[in-house]
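Here you go, one structure.
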There are 2 protein chains.
Amino acid sequence: MPDQIQNAFRALADPTRRDIVQMLASQDMTIAQLTDCFDMTRAAVKKHLTVLSDGGLIRVEARGRERINRLEPKGMAPVLDWLSFFDQFWDERLRNLKEAIERKET
Amino acid sequence: MPDQIQNAFRALADPTRRDIVQMLASQDMTIAQLTDCFDMTRAAVKKHLTVLSDGGLIRVEARGRERINRLEPKGMAPVLDWLSFFDQFWDERLRNLKEAIERKET
DNA sequence: CATATTCGATACCATTTGGTTTCATATTTA
DNA sequence: TAAATATGAAACCAAATGGTATCGAATATG
């Protein structure tokens, strides 16, 4: 719970994890399914999923012996909040993004 | 120049570097000035500045023996571009939700 | 000129990170 | 029940990371 910003930024710092996020955006996937998409072992993918979960960017649901990994868009909020501190510098794309998520949350 | 997204995300992954970004948002600073704000050596701060520079988030201007570090807002563009894929994610979700509701109503 | 200031660069160190291998556990399925 | 499947977890490893200390170069300043 503490330092959610740090955990989220850290989760996004790895290219494999960003790829996982993109894949989960189009469909929920099990660990085995995700592993098929990468040139690494299931254990490595599992570690990435743990980091993503710590960052609040995904949530995992047990279904039988499988673990369904799905995106948790709300976890992106701390990142967007931090970035929004610089509205004066970055352009308005950020504001639009935030509004999109907040619309969904209500 | 390659992998600007990765360099930018990596630059933002460290709390000290995010603090530096916040400080530079309010005013340009030399390395010595920044060092005064942290409990670490100038060499450590300099390394962070190098990572931030690699990420395109700051630019450094030599002025005499000093190096003025200033924010480079354009460097945030790759990050915001990547994050904007959530827009599409939400649009899709909302579309699916809408379809589900319409199916129910008929 | 002599000295202090500001920075760059390197070597070095402990810890973290991203990966593997291996084995154990839980759940399907034949 | 036995075997196959899907995962968890731990030990281990090389490389990256974040830090230090130290030396040297460039620039102000007395």
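Here is how names work: the chains are called A, B, and so on, in the same order as the sequence lines, proteins then strands, and each is numbered from 1. Note: hydrogens, waters and symmetry copies are ignored here, and every other heavy atom, side chains too, is used.
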Interface polar pairs with nucleotides 24-30 of chain C, N/O, under 3.5 angstrom:
residue: dT27(C); atom: O2; partner: R65(A); partner atom: NH1; Å: 3.2

Taking atom types as modelled and ignoring hydrogens, do the side chains of R70(B) and Q27(B) form a donor-acceptor contact shorter than 3.5 angstrom?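 The answer is no; no qualifying pair exists.
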Close side-chain approach of V79(B) and L83(B), heavy atoms under 4.5 Å: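 They are in side-chain contact.
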Considering only heavy atoms from C-beta outward, does the side chain of L12(A) approach that of R17(A) to under 4.5 Å?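 No. Closest side-chain heavy atoms not under 4.5 Å.
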Ignoring hydrogens and angles, tell me if any N or O in the side chain of S53(B) forms a donor-acceptor pair with the backbone of L49(B) under 3.5 Å.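 Checking the backbone N and O of L49(B) against the side chain of S53(B), no donor-acceptor pair under 3.5 Å is found.
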Pick base, sugar-phosphate or nothing for A44(A), based on heavy-atom distances below 4.0 Å to the nucleic acid.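 The residue A44(A) makes base contact.
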Distance in angstrom units between L49(A) CG and dG18(C) C1', rounded: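 That distance rounds to 14 Å.
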Return yes if some donor-acceptor pair links the side-chain N/O of Q33(B) with the main-chain N/O of T30(B) below 3.5 Å, else return no.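 Yes.
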So, is R67(B) near the phosphate of dT6(C), with a side-chain N or O under 4.0 Å from OP1 or OP2?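 No, because none of the side-chain N or O atoms of R67(B) sits under 4.0 Å from OP1 or OP2 of dT6(C).
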Expressed in angstrom and rounded to an integer, what is the separation of Q6(B) atom CD from dT17(C) atom C1'?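 Taking atom C1' of dT17(C) as the reference, CD of Q6(B) is at 13 Å.
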How would you give the extent of chain B contacts on DNA chain D, as first and last nucleotide 5' to 3' within a 4.0 Å heavy-atom cut-off?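 Listing 5' to 3', DNA chain D meets chain B from dT17(D) to dA28(D).
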Do the side chains of D14(A) and F9(B) get nearer than 4.5 Å, heavy atoms only?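 F9(B) vs D14(A): side chains apart.
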Given 3.5 Å as the limit, does a donor-acceptor pair link the side chain of R18(A) with the main chain of W82(B), or not?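 No; judged by distance alone, with no hydrogens or angles, the pair does not exist.
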Tell me, do R67(B) and E61(B) make a side-chain contact under 4.5 Å, heavy atoms counted?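 No, side chains not in contact.
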Rounded distance (Å) that lies between atom P of dT6(C) and atom CG of N69(B):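 For the pair N69(B) CG and dT6(C) P, the rounded distance is 14 Å.
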Could you check how far CG of D54(A) sits from P of dT16(C), rounded to whole Å?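 Rounding to the nearest Å, CG of D54(A) and P of dT16(C) are 15 Å apart.
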Donor-acceptor pair, side chain of S84(B) and main chain of D81(B), under 3.5 angstrom: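 Flag set: sc S84(B) to bb D81(B) pair under 3.5 Å.
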Looking for any heavy atom pair under 4.0 Å, which part of the strands does A43(A) touch: base, sugar-phosphate only, or nothing?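 Counting heavy atoms under 4.0 Å across all strands, the contact made by A43(A) includes a base.
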Of A32(B) and K47(B), whose closest DNA chain C nucleotide lies nearer the 5' terminus?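 On the 5' side of the pair lies A32(B).
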Near-strand residues of residues 10-19 of chain B, defined as heavy-atom separation under 4.0 angstrom from DNA chain C: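 DNA chain C contact set from residues 10-19 of chain B: none.
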Do E72(B) and L57(B) make a side-chain contact, defined as non-hydrogen atoms from C-beta onward lying under 4.5 Å apart?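 Sidechains of L57(B) and E72(B): no contact.
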Taking the side chain as everything from C-beta on, heavy atoms only, tell me whether M29(B) gets closer than 4.5 Å to N69(B).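 M29(B) vs N69(B): side chains apart.
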